Amino acid sequence: MRVLVTGGAGFIGSTLVDRLVTGGHEVAVVDDLSSGGNRNPEAALHVLDVRDPGVGALAERWRPEVICHLAAQISVRKSVADPVRDAQVNVEGTANVLEAARRSGARKVVFASSVATYGRPAVIPVPGDAATDPRSPYAASKLSGEVYLAAYRGLYGLEYTTLVLSNVYGPRQSPDGEAGVVAIFTDALLAGRRTVLYGDGSQTRDYVYVDDVVDAFARACGERGDGRRFNIGTGVQTTDRRLHSLVAAAAGVPDEPAFEPPRLGDLPAMAVDPAPALEGLGWRPAHDLPSGLKATIEWAARD
Ligand SMILES: NC(=O)c1ccc[n+]([C@@H]2O[C@H](COP(=O)([O-])OP(=O)(O)OC[C@H]3O[C@@H](n4cnc5c(N)ncnc54)[C@H](O)[C@@H]3O)[C@@H](O)[C@H]2O)c1
């Protein structure tokens, strides 16, 4: 199968590209290299902004069967600071990718959305059919991308699957920015720098390993899950304090974080129920947190 991966030089996208190439698929990447820099020599890299009309021209020329759309402005905090830029990349960029898919005759788009679209959920783990309640420009732009997918399916029959990703971690995640707590702890603890927990350490998140996430993308590239959105997480809540202990243990360093006051707007708890993805995609997470952290730390300590 021919698959175009936007954001394919990034953390999740490049892991997906490797997985698709290994699976015998033909892969091309669109990425502006603004944060990602990973390359697979088997996949043609097109250095383009997702908003660039060149994405449509490329798709018409190359005719992918599926487009996995991961290129995005990924930071909630940056979206609050500059909501217009967030919308430009995440809304305009998604519309441009959908136009490229339509014009090239692609069968399907697989889209990376976020648990941020749930806002402050009443029930945890969040059921697959829970109402969305975006509370940041990032959440609004991701949800807007989902609405565009539904509109293109209704108008043109372009299929889609939306994967609602919880906190993804693993090799290649950047410690820059605030999203990758595992990468931030790993980087600091291996370098002997101070680590900080905000609040009392009881805040929870649902950490899902990147290989499991790309497995969900690979499954969604096929015929399954058309026209649906799936939670991609483990359903397990891990506190910041426990995560820190696990990373410190795996890195073989003392477990002594500093504590600072909670940050405004931080969500107290999050986990999502992945059960519908088992029924819809045949997907379930295969890695538990200790084994995923071990692989992540081995990668981070590789040289
Ligand atoms: N990492 C997570 O925990 C997580 C959680 C929920 C959703 N997501 C979503 O998954 C996707 C991938 O995230 P990631 O963690 O791999 O981030 P990442 O920053 O590693 O990857 C994003 C890639 O997109 C590229 N990019 C950014 N803006 C672009 C633009 N305007 N044009 C072309 N390319 C552009 C970057 O260079 C980078 O390679 C994103 O859509 C993100 O919103 C990630």
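In each ligand, atom 1 is the first atom listed, and ligand 1 is the first ligand listed. All values derive from a computational prediction rather than experimental measurement.
When heavy-atom distances to ligand 1 are checked against a 4.0 Å cut-off, Leu33 comes that close only through its backbone atoms N, CA, C and O. With a 4.0 Å cut-off on non-hydrogen atoms, Tyr138 touches ligand 1 through its side chain and not its backbone. Under 4.0 angstrom from ligand 1, the non-hydrogen atoms of Ser166 all belong to its backbone. Contacts between Val115 and ligand 1 below 4.0 angstrom, taking non-hydrogen atoms only, are absent altogether. Within the 4.0 Å heavy-atom criterion, neither part of Gln73 lies near ligand 1. Only the side chain of Val89 comes within 4.0 Å of ligand 1, counting heavy atoms alone; its backbone N, CA, C and O stay farther away.
Every N/O-N/O distance between Val30 and ligand 1 stays at or above 3.5 Å. The shortest N or O to N or O distance between Arg85 and ligand 1 is not under 3.5 Å. Polar contact check, Gly36 against ligand 1: a nitrogen or oxygen pair lies under 3.5 Å apart. For the pair Ser114 and ligand 1, the shortest N or O to N or O distance does not fall below 3.5 Å. The shortest N/O to N/O separation between Phe11 and ligand 1 falls below 3.5 Å. Inclusion of Gly13 in the set of residues having an N or O under 3.5 Å from an N or O of ligand 1 is not warranted.
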Please output the side-chain donor-acceptor pairs of residues 53-62 that fall under 3.5 Å, not counting sequence neighbours, one pair per line with the distance.
{"from": "Glu60", "atom 1": "OE1", "to": "Arg103", "atom 2": "NE", "distance (Å)": "3.2"}
{"from": "Glu60", "atom 1": "OE1", "to": "Arg103", "atom 2": "NH2", "distance (Å)": "2.4"}

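Thr204 places a side-chain N or O within 3.5 Å of a backbone atom of Met270 that can act as its donor or acceptor partner. Using a distance-only test at 3.5 Å, with no hydrogens or angles considered, no donor-acceptor pair links the side chain of Arg85 to the main chain of Lys78. Under the 3.5 Å distance criterion, the side-chain polar atoms of Asn231 are matched with a main-chain donor or acceptor of Asp273. Between the side chain of Trp283 and the backbone N or O of Val213, no donor-acceptor pair lies under 3.5 Å.
In summary, Glu279 and Arg228 engage in a salt bridge, as defined by a charged side-chain N under 4.0 Å from a carboxylate O. Ion pairing between Asp200 and Arg241 fails under the 4.0 Å rule for side-chain N and carboxylate O.
A donor-acceptor pair shorter than 3.5 Å cannot be found between the side chains of Gln73 and Asn90.
Listed by number with element, the atoms of ligand 1 under 4.0 angstrom from any heavy atom of Leu48 are 32 (N), 33 (C). The distance from ligand 1 to the heavy atoms of Gly10 drops below 4.0 Å at these ligand atoms: 20 (O), 21 (O), 38 (C), 39 (O). Annotation for ligand 1: atoms under 4.0 Å from non-hydrogen atoms of Ala9 are 39 (O). The ligand atoms of ligand 1 that sit less than 4.0 angstrom from a heavy atom of Ser113 are 6 (C), 7 (C).
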(request) Go through Ser291 and Asp288 one step at a time and tell me if the side-chain hydrogen bond (donor to acceptor under 3.5 Å, both in side chains) criterion holds. (result) CA-CA 6 Å; Ser291 67; Asp288 64 11; 2.8 Å; yes

(request) Begin from the C-alpha positions of Thr117 and Arg229 and carry the test side-chain hydrogen bond (donor to acceptor under 3.5 Å, both in side chains) through to its verdict. (result) CA-CA 12 Å; Thr117 53; Arg229 93 195 285 263; 3.2 Å; yes

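With Ser14, Gly233, Gly8, Ser35 as candidates, the residue nearest to atom 18 (P) of ligand 1 on a non-hydrogen basis is Ser35. Evaluated by nearest non-hydrogen atom to atom 4 (C) of ligand 1, the leading choice among Asp32, Val210, Val168 is Val168.
In this structure, Lys142 is part of the shell of residues with a heavy atom less than 4.0 angstrom from ligand 1. Remark: distances from the non-hydrogen atoms of Ser34 to ligand 1 include one below 4.0 Å. By the 4.0 Å heavy-atom criterion, Tyr169 is excluded from the residues contacting ligand 1.
Judged as a ring-ring contact (aromatic ring centres under 6.0 Å, His included), the pairs with a partner in residues 214-267 (not counting sequence neighbours) are, in order, Phe185-His244.
A tilted orientation is assigned to the rings of Tyr209 and His287, their planes being inclined by 30° to 60°.
Checked against Ser14 for a side chain to side chain donor-acceptor pair (under 3.5 Å), the options Arg19, Arg172, Arg39 give a single hit: Arg172.
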